[in-house]
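One structure below.
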Number of protein chains: 2
Amino acid sequence: MSIFSQISFKDQAFKLRENAILDATTAVLSSKGFDLMTMDDIAGVVGISKPSLYKHFKSKEDLVGEALIRLIDGAIEYMAQLDDALSPIGKLSALLEWALRVRLAGGMPFLPSTSPQVREMLMRNMRYVLKVMKLNGQLEKLVAAAQKTGDLNPDLPSDVILFSYYSRTCDPAAEFLQKFSKMSTEDIVTHMLKVAFNGIK
Amino acid sequence: MSIFSQISFKDQAFKLRENAILDATTAVLSSKGFDLMTMDDIAGVVGISKPSLYKHFKSKEDLVGEALIRLIDGAIEYMAQLDDALSPIGKLSALLEWALRVRLAGGMPFLPSTSPQVREMLMRNMRYVLKVMKLNGQLEKLVAAAQKTGDLNPDLPSDVILFSYYSRTCDPAAEFLQKFSKMSTEDIVTHMLKVAFNGIK
DNA sequence: TATAAAATCTACTAATTAGTATCGGATATT
DNA sequence: AATATCCGATACTAATTAGTAGATTTTATA
């Protein structure tokens with residue numbers, strides 16, 4: 001076995017484990033939130049020790065930042081592969097649907113919407129902020145375009161629409177329905193989308 | 001000074017401080033959330049020592065429970081004093097407006113919507129659960145009535161409406177608007193209500 | 001003013017957890 | 001097979017915080 005393939009194999013294993021760590025982090029974040037998530041939790045789920053975990057990520061802050069960056073990357077990628085012929089509101093609807101499905105599968109943490117502390121922490125993470133700004137820019141354009149055609153209410157300030165749109169991706173109603181009603185994931189997604197765009201009237 | 005008036009005076013002071021403690025708890029909960037709120041925080045804000053705090057509430061769990069019970073009592077009282085001539089959807093709108101104003105004034109914690117741990121803790125609190133059930137019963141009736149008249153969408157399952165309604169009381173969009181837009185509280189409330197009932201379309 | 005009673009605070013314990021120093025064991029080359 | 005290198009785990013430190021014991025001060029009455 002040559003030196004090169006060996007290194008590459010190790011790198012591959014390293015990368016694989018890194019992904020497993022990020023998966024675990026996303027899952028634990030989704031269920032317990034940032035404050036209650038411990039590094040021992042993550043190490044335990046992945047099946048490695050805490051020092052090994054610190055070989056990959058230098059702090060809890062860093063780890064969570066990377067997990068969220070991966071999530072936003074997912075959203076950006078999802079946006080990129082959408083059919084360009086789709087209308088602005090069609091794209092917004094598709095992305096929200098994607099987010100709701102990810103959430104219902106247990107892969108979308110509430111943060112950073114809920115805790116100012118966590119929000120501040122993330123805002124110090126340059127890479128995270130850049131990703132968020134990129135996605136936000138795309139969404140702003142879609143909202144503006146949809147307001148122009150009247151597909152979204154032109155009388156509402158655009159930030160009201162945008163912030164409300166974001167909020168729907170972490171709407172606790174979805175989880176309540178999953179937990180306390182016997183509704184299928186499909187139905188929950190359908191209804192949540194309907195409520196997001198048309199309200200409850 | 002008679003023994004009776006003295007006792008009553010002491011009781012009064014005790015009650016006053018208890019209220020101050022609950023105020024502080026609600027405020028700290030709203031800003032930091034349950035996990036980051038410490039008993040020292042509360043004692044510090046009120047200006048008493050931790051042991052004195054424990055004279056009033058036997059644990060953090062108990063303290064938070066009482067604070068939330070007081071909040072729900074506020075909602076129930078608000079409902080009770082509404083004009084009975086008001087339509088079901090009028091009452092729902094009024095209560096949501098009340099909740100949004102309380103929230104924007106920093107007096108409405110996110111919990112229990114966000115953390116399963118906190119939710120579980122609260123579910124063990126019988127008095128809290130009873131209050132919640134009482135309020136929930138009233139709201140269920142209002143939703144059903146409003147669906148019957150067509151003021152709320154009759155095609156949506158009633159729990160979708162009810163859970164969505166609850167979610168709007170802790171919609172992070174309100175705080176984002178307060179923080180990042182120059183909008184007045186009045187405008188934020190107006191727009192949030194509009195979005196809640198009519199969506200963003 | 002002196003004493004009894006109550007309330008309040010200072011200073012502690014025990015438990016948790018982020019982060020690390022060091023040791024033992026696996027892997028690869030000679 | 002022997003040795004060098006690297007990886008990971010055990011077992012620690014330091015800091016935080018819920019909850020409490022005991023000292024101290026305040027208040028009320030005689």
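A heavy-atom distance below 4.5 Å is found between the side chains of B/L162 and B/E140. Put simply, the side chain of A/I161 does not reach to within 4.5 Å of the side chain of B/V195, judged on heavy atoms. A 4.5 Å side-chain heavy-atom check between B/L156 and A/H191 finds at least one atom pair inside the cut-off.
For B/S49, no side-chain nitrogen or oxygen approaches OP1 or OP2 of C/dT8 to under 4.0 Å. Regarding contacts with the backbone of D/dG8, a side-chain N or O of A/R17 is found under 4.0 angstrom from either OP1 or OP2. Distances shorter than 4.0 Å separate none of the side-chain N or O atoms of B/S59 from OP1 or OP2 on D/dA18.
Taking the side chain to side chain contact (heavy atoms under 4.5 Å, CB included) definition, one finds that A/K134 meets it with A/I76, A/Q138, sequence neighbours left out. A search for salt bridge (charged side-chain N to carboxylate O under 4.0 Å, His left out) contacts involving B/K201 returns nothing, not counting sequence neighbours.
Listed nucleotides C/dA18, C/dT8, D/dA9 differ in distance to A/T38; the shortest reach to its side chain belongs to C/dA18. With C/dG19, C/dT17, C/dC9 as the choices, the nucleotide that has an atom nearest any side-chain atom of B/P51 turns out to be C/dC9.
No hydrogens or angles considered: nothing links the side chains of A/D40 and A/T38 as a donor-acceptor pair under 3.5 Å.
Rounded to whole Å, atom C1' of C/dT17 lies 12 Å from atom CE of A/M37. In this structure, A/L36 places its CG atom 15 Å from C1' of D/dT16, rounding to the nearest Å. Here C/dT20 presents its P atom at 11 Å from NZ of A/K58, a figure rounded to the nearest Å. One can place CE of B/M39 at 6 Å from P of D/dG19, the figure rounded to the nearest angstrom. Between A/K32 atom NZ and C/dT16 atom C1' there is a gap of 12 Å when expressed in whole angstrom units. The distance between atom CZ of B/F34 and atom P of D/dT17, rounded to the nearest whole Å, is 13 Å. Per the geometry, CG belonging to B/D41 stands 8 Å off P belonging to D/dT17, to the nearest Å. B/Y54 places its OH atom 19 Å from the P atom of C/dA7, with the value rounded to the nearest Å.
Two residues, B/S52 and A/D35, neighbour DNA chain C, and the one matched to the more 5' nucleotide by heavy-atom proximity is B/S52.
With hydrogens and angles disregarded, a donor-acceptor distance shorter than 3.5 Å links the side chain of B/R103 to the backbone of B/T169.
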Atom pairs under 3.5 Å: protein N/O with N/O of nucleotides 12-14 of chain C:
none

